[in-house]
Amino acid sequence: MAVITCIDDLKRLHKRRTPKMFYDYAESGSYTEQTFRENTTDFQKIRLRQKVAVDMEGRSTATKMIGRDVAMPVALAPVGLTGMQRADGEIKAARAAEKAGIPFTLSTMSICSIEDVAAHTTDPFWFQLYVMKDEDFVDATLERAKKAGCSALVLTLDLQILGQRHKDLKNGLTAPPKLTLPVLLDLATKWQWGFEMLQTKRRFFGNIVGHAKGVSDASSLGSWTAEQFDPKLDWSKIARIRDQWGGKLILKGILDEDDARLARDFGADAMIVSNHGGRQLDGALSAIRMLPKIREAVGPEMEIFMDSGIRSGQDVLKALALGANSTFIGRAFIHGLGAMGEQGVATALEIIRKELDITMALCGEKNVHDLGRHNVLLPTGFLDEYA
Ligand code: GLV
């Protein structure tokens, strides 16, 4: 097999080895995909300042995320249907994260259940919650996450309604896939995926099926969200969930300075500056462009994480330079998983760790805590092009 040197190599293998509907699910943005594209192209506009003749021995990428020691400022983001990219995908990704010394976040819309991931890992993982109309289901899910030892709740605020991703509709996305002729033809070239999938029992939304009452269709993300997600989610409901949870709380999906101040004043332990990987509001600004404004709005103390657009260690460095304490990656690890299972996630994490370390050294920095605006050059008007 060809030598894998970057996330793009894993992406190519992911595409080759995974059914089209799941690769497309990961590699999509909503509507015109403008925001999805700009999440990455805006990172490319940021340039790094090279520094020479600086002792670069004794570098460290280690830091803390909400008090937890992490080997690098990267966590695995919650990604729906991860267990459809590869059989038992959430367990595989959680194990790779554990070995790499970084947090794994389990999505509500995962295939492997909370209990299943807990049974196959030793480090506490984080749980991401989508707020449903059914409060009993929400409360029971929170109890399950507590019982499984989840050490933080990541509450997603930007998906009360699902952004339309054209490819998912065209592909007829479901979990597990319905075996239509196009799906069967596609699977003919993805035999390893099918073989592994036949060996596992984990082929349905593991946190939903058997737990939610009166579910008419739990195989389609689109119809499930339309029927079950709570359109009335507001700060008073968030407070109810915070009280019910009682542990560390990370608010995900902040992209606006006023919302960021509200999240800070609400007392969240951290916030994730995110536009959901360009999968929700098409036309929103990229997360990296909003990040410095949000840092300025909330001040230096608030713990800020950032996702949407990170595909390399250079991107992690740029996010930290523009005000993030740490980052989350979604597609970058999903490409690894789809390419090579647990080993692929481990490879993705090692690629990013090494890129961050080498880039840091060439920027004349030894410690991720010292990264800042002095490390980057921004195009004129980058921060106030849109007002
Ligand atoms: C929701 O989890 C999504 O598909 O972005």
Side-chain angles (χ1 to χ4, degrees), residues 14 18-37 39 75-85 89-90 93 104-114 117 126-132 138 141 153-177 204-209 212 217-231 233 250-255 272-284 286-287 307-310 328-335 337-338:
H14 177 201
T18 309
K20 182 177 180 330
M21 75 166 65
F22 300 120
Y23 177 82
D24 281 353
Y25 169 71
E27 201 51 24
S28 287
S30 53
Y31 292 136
T32 71
E33 301 193 330
Q34 179 185 43
T35 300
F36 169 58
R37 281 190 300 278
N39 277 339
L76 297 196
V79 178
L81 286 82
T82 293
M84 280 290 129
Q85 302 291 350
E90 289 88 1
F104 171 75
T105 317
L106 184 72
S107 166
T108 298
M109 302 310 292
S110 61
I111 302 298
C112 302
S113 68
I114 302 171
V117 176
W126 295 346
F127 181 68
Q128 174 271 341
L129 182 72
Y130 279 128
V131 182
M132 315 279 174
V138 169
T141 306
L153 184 72
V154 175
L155 186 60
T156 299
L157 302 182
D158 60 3
L159 200 146
Q160 284 159 267
I161 189 166
L162 192 69
Q164 177 169 312
R165 301 98 190 229
H166 298 321
K167 284 176 244 166
D168 293 349
L169 298 178
K170 293 188 162 90
N171 289 330
L173 175 74
T174 56
F204 301 89
F205 288 111
N207 295 324
I208 312 287
V209 176
D217 182 3
S219 67
S220 152
L221 186 68
S223 50
W224 169 259
T225 48
E227 278 170 36
Q228 306 292 333
F229 283 27
D230 187 356
L233 178 63
I250 301 171
L251 296 180
K252 176 171 184 285
I254 304 291
L255 200 68
I272 308 179
V273 173
S274 167
N275 54 34
H276 213 107
R279 302 164 70 79
Q280 286 296 100
L281 178 62
D282 186 39
S286 68
D307 74 25
S308 304
I310 294 189
F328 277 70
I329 54 168
R331 295 181 181 93
F333 91 82
I334 290 291
H335 293 325
L337 180 70

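Along the sequence shown, residues carry numbers from 1. Both ligands and their constituent atoms are indexed starting at 1 by order of listing.
When heavy-atom distances to ligand 1 are checked against a 4.0 Å cut-off, Met109 has no atom that comes that close, whether in backbone or side chain. Contacts of Leu159 with ligand 1, taken as heavy-atom pairs under 4.0 Å, involve the side chain alone.
Residues forming a ring pair (Phe, Tyr, Trp, His ring centres under 6.0 Å) with His276 (at least two apart in sequence, or on another chain): none.
Summary of contacts: the protein heavy atom closest to atom 5 (O) of ligand 1 is Arg279 NE, 2.7 Å.
In the vicinity of Tyr25, heavy-atom distances shorter than 4.0 Å reach the ligand 1 atoms 1 (C), 2 (O), 3 (C), 4 (O). Close approach of ligand 1 to Tyr130 (heavy-atom distance below 4.0 Å) involves ligand atoms 1 (C), 2 (O). Residue Arg165 has at least one heavy-atom neighbour below 4.0 Å for each of these atoms of ligand 1: 3 (C), 4 (O), 5 (O).
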ask   = So Ser274 and Asp307, side-chain hydrogen bond (donor to acceptor under 3.5 Å, both in side chains) or not? Walk me through it.
value = CA-CA 5 Å; Ser274 167; Asp307 74 25; 2.6 Å; yes

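Taking the side chain as every heavy atom from C-beta outward, Phe36 and Arg165 never approach each other to under 4.5 Å.
The CD1 atom of Ile329 lies 8.5 Å from the CD1 atom of Ile310; values are rounded to the nearest 0.5 Å.
Relative orientation of the Phe333 and Phe104 rings is perpendicular, given thresholds of 30° and 60° on the angle between their planes.
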